[in-house]
Amino acid sequence: LVVILGVVTFIYHLLARVLGGRGEYASFFYLIGMVFVPLYLLRALFLLTTFSPSIALVIGILNFMLSIYSSVLLGYVLYIVYQLSLVKIFLLVVVLPILIIFFIAQSNVTVIRQLMPL
């Protein structure tokens, strides 16, 4: 968890600096750690409770709400540490993950097409 957190925060740090941010990596890593480690532990607790089908839908909805809350907190931390504009924060927090998901989905479709020619 700490290694993944370090890599992800470093990538966000580099992107924030490219977009004109003036913050430091140490303060960004500290704030992200203080905010996201408890949230990831809560998600782990959610995963333990999904074995019961009766509450799986409720846990899924809570997990989705937690994802939105995490994105808002990430944007707020980027705003506090790097003094970025709201447009740049929107690019980092909303547009970038959507693009990453799109490219991963496209690469999976390409791999599946190569494995199973029609």
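Reckoned from all heavy atoms, side chains included, excluding hydrogens, waters and symmetry mates.
- Hydrophobic clustering, with ILVMFWY side chains joined whenever heavy atoms are under 4.5 angstrom apart, keeps F90 apart from V72.
- Residues L91 and L96 have side chains not in contact (no heavy-atom distance under 4.5 Å, counting atoms from C-beta outward).
- In this structure, the separation between CG on L31 and CG on L73 is 10.5 Å, given to the nearest 0.5 Å.
- Between Y82 and H13, the distance from one ring center to the other falls under 6.0 angstrom.
- Neither V94 nor V87 shares a network with the other; the hydrophobic side chains, linked directly or stepwise wherever heavy atoms of I, L, V, M, F, W or Y lie under 4.5 Å apart, form separate groups for each.
- Residues F36 and F64 do not share a hydrophobic cluster, clusters being chains of Ile/Leu/Val/Met/Phe/Trp/Tyr side chains in contact below 4.5 Å.
- Residues Y79 and L84 have side chains not in contact (no heavy-atom distance under 4.5 Å, counting atoms from C-beta outward).
- One hydrophobic cluster holds both I100 and V93 under the rule that ILVMFWY side chains link at heavy-atom gaps under 4.5 Å.
- The backbone N or O of E24 sits nowhere less than 3.5 Å from a side-chain atom of R17 that would complete a donor-acceptor pair.
- The side-chain contact (heavy atoms from CB on, under 4.5 Å) check on R43 picks up Y40, N63, L66, S67, S70, with sequence neighbours excluded.
- Nearest heavy atom pair, residue V81 against residue S27, reads CG1-OG, 3.7 Å.
- In terms of heavy atoms, L78 sits closest to A16 at CD2-CB, 4.4 Å.
- Taking V58 as the reference, L62 meet the side-chain contact (heavy atoms from CB on, under 4.5 Å) condition, with sequence neighbours excluded.
- Interatomic distance, CG of L74 versus CD1 of I89, reported as 9.0 Å (0.5 Å rounding).
- Taking the side chain as every heavy atom from C-beta outward, Y69 and L39 approach each other to under 4.5 Å.
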Name each donor-acceptor pair under 3.5 Å that joins a side chain in residues 2-9 to protein atoms two or more places apart or in another chain, with its distance.
residue, atom, partner, partner atom, Å
T9, OG1, L5, O, 2.8
T9, OG1, G6, O, 3.0
T9, OG1, Y25, OH, 3.1

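- Cluster annotation: I101 is not connected to L99 through the hydrophobic network of ILVMFWY side chains, with a link wherever side-chain heavy atoms come within less than 4.5 Å.
- Taking every heavy atom of both residues into account, G33 and P38 meet most closely at O-CD, 3.9 Å.
- Contact of the Y12 side chain with the I32 side chain is not registered, since no non-hydrogen atoms from C-beta on lie closer than 4.5 Å.
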